J.: 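Have a look at this one.
As the structure is a computational prediction, the values presented were derived from the model and not from experiment. Chain A is the first sequence line, chain B the second, and so forth, proteins listed ahead of strands; every chain is numbered from 1.
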Amino acid sequence: MMASAKQAVRRDSYQPQVIERKWQKIWEETQIYRVVEDPSRPKWYHLTMYPYPSGDLHIGHWYAMAPSDAAARFKRMLGYNVLFPMGFDAFGLPAENAAITRGIHPYRWTMDNIERMRKQLRSMGAMFDWSREIITCLPEYYRWNQWFFLQFYKNGLAYKAKAPVWWCPRCQTVLANEQVINGRCERCGTEVYRRDLEQWFFRITKYAEELLKFDGIEWPERVITMQRNWIGRSEGARVRFETESGGAIEVFTTRPDTLWGATFLVLAPEHPLVEVLTTPEQRPEIEAYVAQARRESEIERTATDREKTGVFTGGYARNPVNGERIPVWIADYVLMGYGTGAIMAVPAHDQRDFEFARTFGLPIRVVIQPEGQTLDPATMSEAYAGDGHMVNSGPFDGTPTAGGEAIRRVTAWLEEQGLGKGEVTYRLRDWLISRQRYWGTPIPIIYCDRCGTVPVPEDQLPVLLPEDAEFAPTGVSPLKTDEDFVNTTCPTCGGPARRETDTMDTFVDSSWYQYRYLSPHYDKGPFDPKAVAYWAPVDQYTGGIEHATMHLMYARFFTKALRDLGLLNFDEPFLRLFNQGIILGEDNEKMSKSRGNVIDPDDLVAELGADVVRLYLMFIAPWEQGGPWSSRGIAGVDRFVRRVWAIVTETADMPADGPESDAARRLRKLTHRTIKTVTADISGFQFNTMIARLMEFVNELSALRDSDVVRTASWQEATRTLTLLLAPLAPHLAEELWERLGGPYSVHQQSWPSFDPELAAAETFELVVQVNGRVRDRLEVPVDITEQQAIDLALASPRAQEHLQGRTIRRTVYVPGRLVNIVTG
RNA sequence: GCGGAAAUGGCGGAACGGUAGACGCUGCGGUCUUAAAAACCGCUGGGGGUCACCCCGUGCGGGUUCGAAUCCCGCUUUCCGCACCA
């Protein structure tokens, strides 16, 4: 007897390995996640950032994708036609490194990784529509990068210019920022420097102003702020300073009202006029300084806390507003990439200029006096950047600076005098897309001695990456040395010509992939306009905060550029954005192989099943926050799942022939209250509190497990509802339970349960009685209690009375549904 | 450095300006068992106590408010991004 009962229990215990495999197979056979355009239903496009195929799916991928899947499934149960695609961001540096260090071709390495990761992704049980998979390193994808490049080129959005790159003189190759370790080449340890190279740019700055507008999109405020700061709009004026050695230095200043206080100019070390202005006696020092600056990163150069360095060129310029002769210096904190690469230094009113002037003994002149005090350059300890009135400024003496008044008047005057003009500049720079690498999209340009720069005609796309590339251990791009690739004929004159050997930044691929998913195999253009009309733009985008500025800015730029080319008819690619946090190791540190704190999702799936992993990831913390992994924590979720399994399977075949007792009615109310709160939670991606509510619900069911309530309609409603509420979170578990409850296939084609507001409403609440803001009593009262009744009850409370002894009541504060606060004198 | 964010028990976290610590973990005690595991039940911020009670408590220092974890000002620490990693 005992033995067979135990066996029966064991045979019917929760076996995720069995049910997960079973349902994944059935879902695939019945293609329930395949989606097509359906104008009869509202669409919902949920996009989660596609992974780089680095090798194995790690827990971070799960953390991005599993809750996204739950959100997408929830929308589907609400009746939306939901598109939830997946693909691979397949070009990039690691594949090329594997080729160099291990002799594996980047294509092989990448495709093998994709094969493995695809399997791992399937184990998650997500509703990805695999028929729409995209892989960016395949010609059917990257030819459209080339096509976009050509459209941009034709429309002045792609251009070539010199820009600095990290150069290793030993390897004779360009290095990425991450390949430069403490100023040295990661491969050979040689000290590296920045060298100018002709490279391709996309003119994102044309859209700087529009990119500052976030109308119609619901993005986290912090991302919007970061993008605003990244674009860095400044209003000011451009002013010309004539030099004595010929040529003029143009500076941009946000404070034209301080022009009379400009006592020297500072050029970026890379500024073209440095060469002209430098006097013979200053030359050795200047050249040494320029060489030094080329070894420093921008972060180092612009650090405001380090000691100011710089060198006098020996040259002078004229301050256009007062004719004063002022020296021209160079300093590394001035960057060629911002403004004009030259600044006028006003040490009295700019902190960096002040420190520079103090370091080198340059004059400081006060031209803005704050009201009620007098600044003296000799005794000032820092620059004064506040308001006041102009002094030592010729015709403008006495002009108040408050409200930008002085800036407006001086700018107008500069324009009148022909000395300068009002201007807006941006910190945002044009997007440098050239990479001196093999594993990327070839830039479709041909150089002909006779015809110059010639774009590859559209009908000759794609320009294919040569397969038989040689990967030198130095890292020199194999395209450069591939004669068959480089040598071609000019499309215009038919003469001998050379191909561009630079490839594109992988951010080009990810700037429009959201549209390729809509018609992944369309070959008449980058996307089928009909599919775009139905699905685009993305309704919900989810991914890491690390993409706040670059990827998300580039994708916005692409959408606006494609709109202006007539390819799209909307302004923004992603209507809503959500950034998930990161999962740390059990030691609260970032997961890394060297720390040995990496959690492998494959192991967890094998041991506990995908549903438990999914649930735990959603339970661990608020999704936008993330947090440390805990083996103990996931064991708790495993217990929860087993309890759900036991309660539902044990009572699945129970007849609902019992009477609806008070306990059953209370359960019914709890069921509806749970639907209400859980729906609100999942709508806002509050998965952790959603699961906590479900745990409370299950704890209650557990308490009733051995009572008569299990034989009631209320119990059946409760277990069916629980299964439906779990469906987005734990899709396999829910499907299996649904089947055992006798529900029709598939639980994922059912509607999200709705609640009866009357049943979900509470009948009483706990009225808190405070005296002077401190809790003194709690009273169970009906929800429809009036203010007067609540106050009377509070005043009558013996516990409150104790604290009211000998005091005068000044006032009472009533918060409906919550509390009464009695305030005494 | 610049830009962005965060800080609550032993741990992860919960909390429309209104009961701080839901839910889970850990720990302690118990039920069941020859025993253990599992499962189930109870307790679990600190201090005091006359044990149906009081005081303290949300990184630190101020402020606003009848009332502050929550809002404001000033700090500290930690994390993320900084344009060729993706």
J.: Please name all residues satisfying side-chain hydrogen bond (donor to acceptor under 3.5 Å, both in side chains) with A:S434, sequence neighbours left out, ordered by chain then number.
T.: A:D502
J.: With A:M226, which of A:T549, A:L552, A:I231 fulfils side-chain contact (heavy atoms from CB on, under 4.5 Å)?
T.: A:T549
J.: Report the residues that fulfil salt bridge (charged side-chain N to carboxylate O under 4.0 Å, His left out) with A:R233, sequence neighbours left out, ordered by chain and then residue number.
T.: A:E209, A:E235
J.: Could you tell me how far apart A:D587 (CG) and B:rC11 (P) are, to the nearest whole angstrom?
T.: 16 Å
J.: Is there any protein nitrogen or oxygen under 3.5 Å from a nitrogen or oxygen in nucleotides 1-3 of chain B, and what are the pairs?
T.:
residue: B:rG1; atom: O4'; partner: A:D305; partner atom: OD1; Å: 3.3
residue: B:rG1; atom: O3'; partner: A:T304; partner atom: OG1; Å: 2.7
residue: B:rG1; atom: O2'; partner: A:T304; partner atom: N; Å: 2.9
residue: B:rG1; atom: O2'; partner: A:T304; partner atom: OG1; Å: 2.8
residue: B:rG3; atom: O3'; partner: A:N229; partner atom: ND2; Å: 2.7
residue: B:rG3; atom: O2'; partner: A:N229; partner atom: ND2; Å: 3.0

J.: Not counting sequence neighbours, which residues clear ring pair (Phe, Tyr, Trp, His ring centres under 6.0 Å) with A:F356? List them please.
T.: A:F264, A:W329, A:Y333, A:F360
J.: Which residue pairs pass the side-chain hydrogen bond (donor to acceptor under 3.5 Å, both in side chains) test with at least one member in residues 622-631 of chain A, sequence neighbours excluded?
T.: A:E586-A:S631
J.: NA contact type, A:Y52, heavy-atom cut-off 4.0 Å: base, sugar-phosphate, or nothing?
T.: sugar-phosphate
J.: What residues in residues 53-66 of chain A put a non-hydrogen atom under 4.0 Å from any atom of RNA chain B?
T.: none
J.: Can you find an N or O donor on one side and an acceptor on the other, under 3.5 Å apart, linking the side chain of A:Q199 with the base of B:rC84?
T.: yes
J.: Among A:W219, A:F685, A:Y541, whose ring-ring contact (aromatic ring centres under 6.0 Å, His included) with A:F578 holds?
T.: A:F685
J.: Distance criterion of 3.5 Å, no angle test: do you see the side chain of A:Q436 paired donor-to-acceptor with the base of B:rC84?
T.: yes
J.: Decide, for B:rG9, between syn and anti: a glycosidic angle within 90° of 0 counts as syn, anything else as anti.
T.: syn
J.: Quick one: the side chain of A:N821 and the base of B:rC66, do they pair up donor-acceptor inside 3.5 Å?
T.: yes
J.: Please identify each residue that fulfils salt bridge (charged side-chain N to carboxylate O under 4.0 Å, His left out) with A:E296, with sequence neighbours left out.
T.: A:R306
J.: Between the protein and nucleotides 14-16 of chain B, list the N/O to N/O atom pairs that are separated by less than 3.5 angstrom.
T.:
residue: B:rA14; atom: OP1; partner: A:N688; partner atom: ND2; Å: 2.8
residue: B:rC16; atom: N4; partner: A:R818; partner atom: NE; Å: 3.3

J.: Looking only at side chains, do A:D505 and A:Y554 share a donor and an acceptor under 3.5 Å apart?
T.: no
J.: Considering every strand and a 4.0 Å limit on heavy-atom distances, what is the contact class for A:V165: base, sugar-phosphate, or nothing?
T.: base
J.: Taking all non-hydrogen atoms of both residues into account, name the closest pair between A:R435 and A:M504 and its distance.
T.: CG-C, 4.1 Å
J.: Taking the same atom, P, in B:rG12 and in B:rG59, what whole-Å distance lies between them?
T.: 13 Å
J.: Got a list of protein N/O to nucleotides 68-71 of chain B N/O distances below 3.5 Å?
T.:
none

J.: With sequence neighbours excluded, what pairs up with A:R437 under the salt bridge (charged side-chain N to carboxylate O under 4.0 Å, His left out) test?
T.: none
J.: Which is true for A:L819 with a 4.0 Å heavy-atom rule: it touches a base, it touches only sugar-phosphate, or it touches nothing?
T.: base
J.: Just to be sure I understand the rule, does A:R222 reach a base, reach only the sugar-phosphate, or reach nothing, if contact means heavy atoms closer than 4.0 Å?
T.: sugar-phosphate
J.: Per the side-chain hydrogen bond (donor to acceptor under 3.5 Å, both in side chains) rule, what does the pair list look like for residues 683-701 of chain A, sequence neighbours excluded?
T.: A:R643-A:N699, A:D681-A:T689, A:R693-A:E696
J.: For nucleotides 44-53 of chain B, list the nitrogen or oxygen atoms of the protein found under 3.5 Å from its nitrogen or oxygen atoms, one pair per line.
T.:
residue: B:rC53; atom: OP1; partner: A:R799; partner atom: NH1; Å: 3.4

